[in-house]
Protein chains: 2
Amino acid sequence: MSNLNGNNVSASIAAEKLASSSGNNPLLRTCPQNPAVSCSSCRLADLCLPISLNQNEISQLDEIIERNRPLKKGEHLYRQRDPFRSVFAVRSGSFKSYVLNADGQSRVTGFYMPGEILGMDGIGKREHMNSVMALEHSSICEIPFTQLEKLSQQLPNLQSRFFSIMGNEITKDQEIHTLLSSYSAEERLASFLLSLSARYARCQLSPERFLLHMTRGDIGEYLGLTLETVSRVFSGLQKKGILRVKNREIEIVEMGTLKALVQ
Amino acid sequence: MSNLNGNNVSASIAAEKLASSSGNNPLLRTCPQNPAVSCSSCRLADLCLPISLNQNEISQLDEIIERNRPLKKGEHLYRQRDPFRSVFAVRSGSFKSYVLNADGQSRVTGFYMPGEILGMDGIGKREHMNSVMALEHSSICEIPFTQLEKLSQQLPNLQSRFFSIMGNEITKDQEIHTLLSSYSAEERLASFLLSLSARYARCQLSPERFLLHMTRGDIGEYLGLTLETVSRVFSGLQKKGILRVKNREIEIVEMGTLKALVQ
DNA sequence: CGTAGTGTTGAATTGAATCAAGTGTCGTGG
DNA sequence: CCACGACACTTGATTCAATTCAACACTACG
């Protein structure tokens, strides 16, 4: 049995749905990294920067966006202390951001999925505070920041949208603050899974069944737990019948009970 | 003996220096809450929003800023779920932001000192995610956000400045994330004191001797510790000769050793 | 002067970390 | 296509840092 149900979810979940659809061109559909796909035809547009821009505004944004070559698993988008030039929108795949402390240990500061914006850790000090690594084969749109600033001067909607995106990042970080300062291991992991679930749903993927592209160690570093504790809590939630866990494949069997764990 | 050295630091530290000086008007000097003090004459201007604006730009900013009545200790500036209208700059005093969870427990999400910007927790969802309470008699400048957005359209420097401020907030929140996910109680408290110390220095106050305006419980809620642990760590650091602690008065005796604790 | 809020300290408890051993999985190159 | 090695993961036993529970002291304020 290769997975929870005896058929291969990995392939079906991962590949198909995240492709940026490009109208009726079937070739583009199968190639989510196609650099020709514009914001206006990108199926992630309503999760991403262009939201609340009109057609004309979107095409102006389109012009400053660079669609780079895709990154392989393990490749870095940027590293700690790199000069800040751009923010990035995830087109497909996923990323982790992390910092290395003095004795070389890493701590994961975030995970990023399609439609989410990356790189705002560099805006304050004009230097990236995190490193960002692809967790799987992934592609991104690069938005040079000085050009984004210039365009925001001309498009009030874009300025407003970017203030909102940064505001949401602040809100999200403060939620993690309270999570880490008062939740138990089980509550942290439940909350983490619910966050992933909601974000998969945003991408039109199943909120009940998905793949983790990060390791138990990554999750532990993010949640302030050891990888052993993460593993034990997964086992515990499975024993209670709330989850089914098979390696990186997660099925949330009792969504309500899981939600009740974090109130 | 009323404090560490037998004289009253509380009064001298707290009152005098934080006043927004107003050139050569001695009356304004003694009244930090004077609503007439403009950005251009405010001694906090170079910590605050106006930095990198020229005289003309500052006076445009000045026009949209409302200087409200001061808040007494324990009063709220805004509460969780209040509609978002403005961000605020702390003029004098200090504030804590906090959230209440389902069972009525509070968790502190931040402390704010003169020159720092407050209220960005509302930008994303147009609704405040935190409550904010004055920790002492305090005053603020209110900056209506829609007007700030409008003015940012006209003043590229202001837009850029506000992007930076929000970027720094994100960076700060991520630093707390790594603090909470991997530091011991002692490391957390050391890091907290060093942060306060640096921020007092920014306000032209002593980085070695200052007053805590928050309770041990507030600090614990912020750092993810119980108030008993906070108290024990203070005692421990005092026993090691790194600090002198007398109620809310802190003296950092060995700054180097304290810094070494967090590497 | 009394009381509520704040802070300290001790003893017992506990949740998660650490240490350790072993299994499972995946990608690579022969 | 299989074997190998490197990672990734699980589970158990033990330890430990911080919490919890409890008693008491201090301070500040009406």
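It should be emphasised that the depicted structure is a prediction, and the values quoted were computed from it without experimental measurement. Per chain, numbering begins at 1; letters A, B, ... match sequence-line order. Just so you know, these numbers use all the heavy atoms, side chains as well, and skip hydrogens, waters and symmetry mates.
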**Prompt:** Counting just side-chain N and O atoms, does A/R248 come under 4.0 Å of either OP1 or OP2 of C/dT25?
**Reply:** no
**Message:** Expressed as a whole number of angstroms, how long is the span from B/Y183:OH to C/dA17:P?
**Reply:** 17 Å
**Message:** Would the base of C/dG10 count as contacting B/R232 through its side chain, where contact means a donor and an acceptor less than 3.5 Å apart?
**Reply:** yes
**Asked** NZ of B/K246 versus P of C/dT8: gap in Å, rounded?
**Response** 11 Å
**Message:** What's the separation between atom CG in B/L193 and atom CZ in B/F234, rounded to the nearest 0.5 Å?
**Reply:** 5.0 Å
**Fill in**
Residue pair B/L225/B/K73 against DNA chain D: nearer the 5' end by closest nucleotide is B/L225
**Prompt:** B/L243 CG to C/dT8 P: how many Å, rounded?
**Reply:** 12 Å
**Asked** Taking atom C1' of C/dG27 as reference, at what distance in whole Å does atom CD of A/E136 sit?
**Response** 17 Å
**Asked** Where does the chain B footprint on DNA chain D start and end, counting 5' to 3' with a 4.0 Å heavy-atom cut-off?
**Response** D/dA18 to D/dT27
**Request:** Compute the ring centroids of A/F111 and A/F192, then answer whether they are less than 6.0 Å apart.
**Result:** yes
**Asked** Can you tell if the side chain of A/M120 reaches within under 4.5 Å of the side chain of B/Q174, non-hydrogen atoms only?
**Response** no
**Request:** Decide yes or no for B/E169 and A/D173: does some side-chain heavy atom of the first lie under 4.5 Å from some side-chain heavy atom of the second?
**Result:** no
**Message:** What's B/R188 touching, base or sugar-phosphate or nothing? Going by heavy atoms closer than 4.0 Å.
**Reply:** nothing
**Prompt:** Should the pair B/E175-B/K172 be classified as a salt bridge under the 4.0 Å nitrogen-to-oxygen rule?
**Reply:** no
**d(CD, B/E249; P, C/dT6) in whole Å** = 17 Å
**Message:** Is the phosphate of C/dA17 approached by A/T229 (side-chain N or O, under 4.0 Å from OP1 or OP2)?
**Reply:** yes
**Message:** Closest-nucleotide mapping onto DNA chain C: is A/T226 or B/M214 further toward the 5' terminus? I mean the 5' end.
**Reply:** B/M214
**Message:** Over all strands shown, is B/T215 touching base, sugar-phosphate only, or nothing at heavy-atom distances under 4.0 angstrom?
**Reply:** sugar-phosphate
**Complete:** Here the distance between atom P of C/dT13 and atom CD of B/E228, to the nearest Å, is 17 Å
**Asked** To the nearest angstrom, how far is B/L211 atom CG from C/dG7 atom P?
**Response** 13 Å
**Asked** Whole Å only: how far is the CG atom of B/L227 from the P atom of C/dT8?
**Response** 9 Å
**Request:** Start with the C-alpha distance between A/S197 and A/F210, add both sets of side-chain angles, then the distance that settles side-chain contact (heavy atoms from CB on, under 4.5 Å), and finish with yes or no.
**Result:** CA-CA 8 Å; A/S197 170; A/F210 48 83; 4.0 Å; yes
**Request:** Please work out if B/G224 contacts a base, only the sugar-phosphate, or nothing of the nucleic acid, heavy-atom cut-off 4.0 Å.
**Result:** sugar-phosphate
**Item:** Ion pair A/R199/A/E116, N-O distance below 4.0 Å
**Value:** yes
